[in-house]
**Q** 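Here it is, the structure in full.
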2 protein chains.
Amino acid sequence: MGQETVKTRRKPRADSLRNRELLLEAATHVFSTGGPQASLEAVARRAGVGIGTLYRHFPTREALFEAVYRHEVDHLADLAGLLSFEPDPVEALRQWLHANVRLVAAKKGMIQGLQLVAHGSSELKAYSFERLTEAVGLLLGRGVAAGELRADITPEDLLRTLLGIFYSQGTADWQPAALRLVDVFVDGLRKR
Amino acid sequence: MGQETVKTRRKPRADSLRNRELLLEAATHVFSTGGPQASLEAVARRAGVGIGTLYRHFPTREALFEAVYRHEVDHLADLAGLLSFEPDPVEALRQWLHANVRLVAAKKGMIQGLQLVAHGSSELKAYSFERLTEAVGLLLGRGVAAGELRADITPEDLLRTLLGIFYSQGTADWQPAALRLVDVFVDGLRKR
DNA sequence: TATTTATACGGAGGATGCCTCCGTTTATCA
DNA sequence: TGATAAACGGAGGCATCCTCCGTATAAATA
């Protein structure tokens with residue numbers, strides 16, 4: 001009972017799970033440093049596993065990229081959950097948006113990466129859009145409920161604005177400008 | 001007299017010029033089909049020259065990419081010149097903008113390519129921005145002079161809007177939507 | 001606990017691409 | 001019609017990609 005499949009299946013091997021996690025961590029680091037075309041063998045080396053193991057878990061570069069992306073999205077979503085306990089709701093939202101900037105900034109290749117992803121499965125797009133919308137909706141809703149934020153901005157608007165800020169910037173030294181723009185935007189969201 | 005350099009220099013060899021052109025054509029096709037990471041050897045093969053010749057003309061992938069991009073920009077600029085003889089100025093502008101969409105659509109990797117370029121020399125950015133601004137200014141100016149287009153839109157605004165339309169679209173099947181948006185925009189430009 | 005077996009592991013190896021180097025070819029110039 | 005500067009082609013060394021399969025090991029079973 002409670003078994004998902006009809007046939008009883010062995011539970012996944014512990015080393016498999018561990019290696020998958022190691023690979024994701026390594027990939028995040030390697031892609032951040034070397035851009036999205038970085039060597040997959042370098043990823044395997046850093047994770048301390050054979051190249052075969054990498055390919056078994058992620059048959060293509062895109063599969064690995066998707067997994068990394070999902071990982072990051074989940075990370076941001078979890079962070080929103082944590083920040084929802086922050087006493088000041090506006091500050092919580094601001095911090096979350098800043099985390100977005102930092103996360104994208106941390107990986108030079110991410111903008112190109114996002115485009116690779118955009119070419120890929122629309123299921124992934126739907127998934128990430130949904131999770132991030134939910135995350136930002138949570139933080140936004142708290143601010144609205146507290147009467148501190150205007151109520152006519154949807155989470156989707158906010159997400160799109162964020163993306164727009166990322167895209168509109170020149171690639172060099174864009175981070176400070178993006179952070180400033182985010183702050184301006186959050187200020188604009190305040191009820192007066 | 002009339003010689004650019006102090007020392008008299010041989011004029012460039014005919015085969016060199018021809019091969020350069022062949023390579024640019026081949027590169028345009030190969031990058032359009034296979035994206036910006038397509039094999040440079042494939043480019044040389046398609047141009048019917050040795051790989052060494054490719055590298056002599058374009059020492060790096062980026063150099064080749066820049067040259068292709070310049071080539072396309074020049075192409076669009078020339079097209080604007082041609083279209084300026086079209087009797088209906090609004091139609092001319094519309095056609096030029098559509099050509100932009102088609103050109104970007106024709107090469108799947110172009111959006112990523114533009115980002116590569118954005119990382120690259122700002123001289124190239126300046127050059128292309130100038131040429132395209134001039135081109136669109138020509139077409140726009142005719143419409144304004146004929147009293148058919150509103151006068152408060154600058155060529156820069158129009159270019160930026162065009163870029164915005166390209167970026168905001170999802171990558172799959174974006175072309176029809178982009179064409180529609182361009183038409184809407186051109187309609188909006190009309191004086192009423 | 002000992003044995004079985006499904007599952008995962010590592011890395012050798014063939015294919016392909018990158019880029020350099022240099023002997024050969026050829027277009028220009030005298 | 002030479003002489004020669006300039007360009008050509010592609011072999012070769014190295015890196016990466018990805019597959020395949022013999023070996024190792026965690027979970028299941030007795």
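We name chains A, B, ... by the order of the sequence lines, and we start the count at 1 in each one. What you see is a predicted model, and the numbers here were worked out from it, not measured in a lab.
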**Q** Between the two ends of the helix from C/dT1-D/dA30 to C/dA30-D/dT1, what is the bend in degrees, rounded to 10 degrees, where each end axis spans five pairs?
**A** 10°
**Q** Got a sec, which residues hit side-chain hydrogen bond (donor to acceptor under 3.5 Å, both in side chains) with B/Arg13, two or more places apart in sequence or on another chain?
**A** B/Asp15
**Q** Could you run down nucleotides 10-16 of chain D 5' to 3' and tag each one B, S or - for protein heavy-atom contact under 4.0 Å?
**A** BB-----
**Q** Under the side-chain hydrogen bond (donor to acceptor under 3.5 Å, both in side chains) test, which residues partner B/Arg131, sequence neighbours left out?
**A** B/Asp74
**Q** Does any non-hydrogen side-chain atom of B/Leu40 lie less than 4.5 Å from one of B/Val30?
**A** no
**Q** Return the polar atom pairs (N/O with N/O) between nucleotides 26-30 of chain D and the protein under 3.5 Å, or none.
**A**
{"residue": "D/dA27", "atom": "OP1", "partner": "A/Ala14", "partner atom": "N", "Å": "3.3"}
{"residue": "D/dA27", "atom": "N3", "partner": "A/Arg10", "partner atom": "NH2", "Å": "3.3"}
{"residue": "D/dA28", "atom": "OP1", "partner": "A/Lys11", "partner atom": "N", "Å": "3.4"}

**Q** Phosphate oxygens OP1/OP2 of D/dC8: is one of them under 4.0 Å from a side-chain N or O of B/His57?
**A** yes
**Q** OP1 or OP2 of C/dA8 sitting under 4.0 Å from any side-chain N/O of A/Asn19?
**A** no
**Q** Heavy atoms only: give me the nearest A/Leu138-A/Ala80 pair and the separation to one decimal.
**A** CD2-O, 3.8 Å
**Q** Report the residues that fulfil side-chain hydrogen bond (donor to acceptor under 3.5 Å, both in side chains) with A/His71, sequence neighbours left out, ordered by chain and then residue number.
**A** A/Glu21
**Q** Starting from the C-alpha separation in whole Å, work towards a yes-or-no answer on ring pair (Phe, Tyr, Trp, His ring centres under 6.0 Å) for B/Phe65 and B/Phe31.
**A** CA-CA 9 Å; B/Phe65 217 88; B/Phe31 285 144; 5.2 Å; yes
**Q** Between A/Glu130 and A/Glu134, is a side chain to side chain contact (heavy atoms under 4.5 Å, CB included) present by the stated rule, with each step listed?
**A** CA-CA 6 Å; A/Glu130 190 186 333; A/Glu134 191 189 4; 5.6 Å; no
